[in-house]
> 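Quick one: the structure is below, and I'll ask about it shortly.
For ligands, and for the atoms within them, numbers begin at 1 and follow the listed sequence. Source: prediction; values computed, not measured. Hydrogens, waters and symmetry mates play no part in the numbers below; they use all other heavy atoms, side chains included.
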Amino acid sequence: MQEYESHIRAAVVNGTGYGGIELVRLLSHHPVFDLVEVTARTEVGTAVTSLFPSLQGLDLSFSASVEQADLVFVALPDQAAVEMVPELLAEGRRVVDLSAAFRLKNQALYTRWYQYEHPAPAILEEAVYGLPEFARDRLPEAHLVACPGCYPTAAVLALAPALRAQLIEPDIIVDAKSGLSGAGRTLSTGTHYSEANEDTSAYGLSGHRHWPEINQELTRLVDSGELNLTFIPHLVPMTRGILSTCYASLRPGVTKEMVQQVYEEAYRTEPFTRLVATAPHTKWTLGSNLCFVYPTVTHEGGRLVVLSVLDNLVKGAAGQAVQCANVMYRLPEDLGLPTKGVYP
Ligand SMILES: NC(=O)c1ccc[n+]([C@@H]2O[C@H](COP(=O)([O-])OP(=O)(O)OC[C@H]3O[C@@H](n4cnc5c(N)ncnc54)[C@H](OP(=O)(O)O)[C@@H]3O)[C@@H](O)[C@H]2O)c1
């Protein structure tokens, strides 16, 4: 492995949740980002490995706050992140935030979808929405990167090429399935084993918080500026993974060959987002930063169906955060990131 001369001190806030501990796993063998601090509320002073034995060899204990790091990965619930991130920025640190606290550009959307008045609208303006496939040029200057949600990552990667090339009508259905780790580590009745095992159900039918985010990112690609988006998430009994099945009507004259060409051009050189020739499985991405995209046209013609799969905790969260940070520091984009999935 290539040796890098300069190193950057990195921290994870907090390391006790699913997103946080996945960041710790990825950063623990990153050749440039040196993990110097992992914070917690409830486990200050506890060795990280005593809570997470899978990380044997990591010599760090949970701390109460960030003291030394120049780069901070924040993996907190939105309302904790919205308070913490401005403080970290004011201390001169660069921040990659996994929460939704800085993803939406319109402050009023927080009142409507998150039920709080956003306290830092100026920071909303400057935050870079961290989908590297479409934000590469803005990441090197960013002080704050707002990493996309797991469902929005899958949906936007599936649909952006078709919308940008005006191949489809701006009337889209995103039918998405997620594993249970998408809901975080805190136990709730719906994620209890006996409730979720051997069960599948839709949720958020009256409006899921990822709707305004998907809508924001896809609307900017529509020439008319008007998008009709239906997004229905489902919970399925698996630990990790998202499968997004997206439907839209093709514009007159658009053929399967044109669709294929547009997607090939969009993702030919991408390190993680790959076009595949058959319907992808969530298992293909397990533990990796990959997103597989499969565009097809229905056999009776007229409708585009795009499938995308990813691991919600890697490309949908921690892996994408590290990918963004690599671009922020002008490092190879795939540095320290898994490009192969675990199988079976
Ligand atoms: N899970 C996913 O697939 C996924 C994907 C993309 C983005 N995200 C986003 O990433 C963030 C973390 O999600 P997660 O799934 O890792 O959640 P999680 O497993 O529930 O972990 C939440 C973390 O936040 C801390 N925390 C909880 N309430 C807090 C509070 N009021 N003040 C300070 N710290 C608090 C917890 O620390 P203690 O244990 O010390 O209390 C824990 O470390 C969320 O914003 C989520 O939306 C998650």
> Looking at Val72 and Arg93, what are the two nearest heavy atoms and their distance?
CG2-CD, 3.7 Å
> Which atom pair, heavy atoms only, marks the closest approach of Pro237 to Asp199?
CD-O, 3.0 Å
> Do you know which of Gln323, Gln320, Lys315 makes side chain to side chain donor-acceptor pair (under 3.5 Å) with Asn289?
Gln323
> Would Leu307 end up clustered with Val174 when hydrophobic side chains under 4.5 Å apart are linked, directly or stepwise?
no
> Taking both backbone and side-chain atoms of Arg103, is any N or O found less than 3.5 Å from an N or O belonging to ligand 1?
no
> With heavy atoms of Ala317 as the reference, note each atom of ligand 1 found under 4.0 Å away.
5 (C), 6 (C)
> Given Ala75, Gly15, Gly182, which one has a non-hydrogen atom that is nearest to atom 23 (C) of ligand 1?
Ala75
> Could you walk me through whether Lys105 and Glu125 pass the salt bridge (Lys or Arg N to Asp or Glu O under 4.0 Å) test, one step at a time?
CA-CA 6 Å; Lys105 294 295 171 198; Glu125 294 260 316; over 6 Å; no
> Counting from 1, what ligand 1 atoms have a heavy atom of Ser99 closer than 4.0 Å?
45 (O)
> Do other residues, nucleotides or ligands put more than 12 heavy atoms under 6.0 Å from His192 NE2?
no
> Using a strict cut-off of 4.0 Å, indicate which atoms of ligand 1 neighbour a heavy atom of Leu313.
1 (N), 2 (C), 3 (O)
> Classify the side-chain pair Tyr267/Glu133 by whether it contains a donor and acceptor separated by less than 3.5 Å.
no
> Evaluate whether atom CD of Glu117 has more than 12 neighbouring non-hydrogen atoms of other residues, nucleotides or ligands under 6.0 angstrom away.
no
> Could you check atom 31 (N) of ligand 1 against the protein and tell me its nearest heavy-atom contact, residue, atom and distance included?
Arg41 NH1, 3.3 Å
> Ignoring angles and geometry beyond distance, decide whether Leu76 reaches within less than 3.5 Å of ligand 1 through its nitrogen or oxygen atoms.
yes
> Please list the nearest protein heavy atom to atom 6 (C) of ligand 1 with its residue and the distance rounded to 0.1 Å.
Gly316 O, 3.1 Å
> Which atom names give the shortest non-hydrogen contact between Val128 and Ala142, and what distance separates them?
CG2-CB, 3.7 Å
> For atom 25 (C) of ligand 1, what is the closest protein heavy atom, and at what distance to 0.1 Å?
Asn14 ND2, 3.6 Å
> Less than 4.0 Å between a side-chain N and a carboxylate O, is that true for Glu217 and Arg220?
yes
> Using a heavy-atom cut-off of under 4.0 Å, does the side chain or the backbone of Ala183 touch ligand 1, or both, or neither?
neither
> Can you list the ligand 1 atoms lying under 4.0 Å from a non-hydrogen atom of Thr42?
38 (P), 39 (O), 40 (O), 41 (O)
> For atom 1 (N) of ligand 1, what's the nearest protein heavy atom and its distance?
Ser181 O, 3.0 Å
> I would like to know whether Glu43 and Thr46 meet side-chain hydrogen bond (donor to acceptor under 3.5 Å, both in side chains); could you show each step before the answer?
CA-CA 6 Å; Glu43 295 288 344; Thr46 306; 3.1 Å; yes
> So which atom in Met84 and which in Val13 form the shortest heavy-atom distance, rounded to 0.1 Å?
CE-CG1, 4.0 Å
> Who's closest to atom 19 (O) of ligand 1 heavy-atom-wise, of Arg240, Lys315, Arg185?
Arg185
> Under 6.0 Å from the six-membered ring centre of Tyr329 and within 45° of its axis: does the NZ or CZ of Arg94 meet both?
yes
> Starting from atom 9 (C) of ligand 1, find the nearest protein heavy-atom neighbour and note its residue, name and distance.
Leu98 O, 3.4 Å
> If hydrogens are left out, which of Thr16, Val13, Thr186 has an atom nearest to atom 43 (O) of ligand 1, that is, the closest non-hydrogen atom?
Thr16
> Got an N/O contact under 3.5 Å between Gly19 and ligand 1?
yes
> Nearest to atom 3 (O) of ligand 1, what protein heavy atom do you find, and at what distance?
Asn312 ND2, 2.8 Å
> Is there any N or O on Tyr18 that sits under 3.5 Å from an N or O of ligand 1?
yes
> Decide whether an N or O pair under 3.5 Å exists between Gly17 and ligand 1.
yes
> Less than 4.0 Å from atom 29 (C) of ligand 1, is there any heavy atom belonging to the protein?
yes
> Quick one: does atom 13 (O) of ligand 1 have a protein heavy atom under 4.0 Å from it?
no
> Between Ala160 and Leu218, which heavy-atom pair has the shortest distance, and what is it?
N-CD2, 4.2 Å
> Could you pull out, from Pro77, Pro148, Cys150, Ala80, the option with a heavy atom nearest to atom 32 (N) of ligand 1?
Ala80
> Can you report which non-hydrogen protein atom sits closest to atom 15 (O) of ligand 1, along with the distance?
Gly184 CA, 3.2 Å
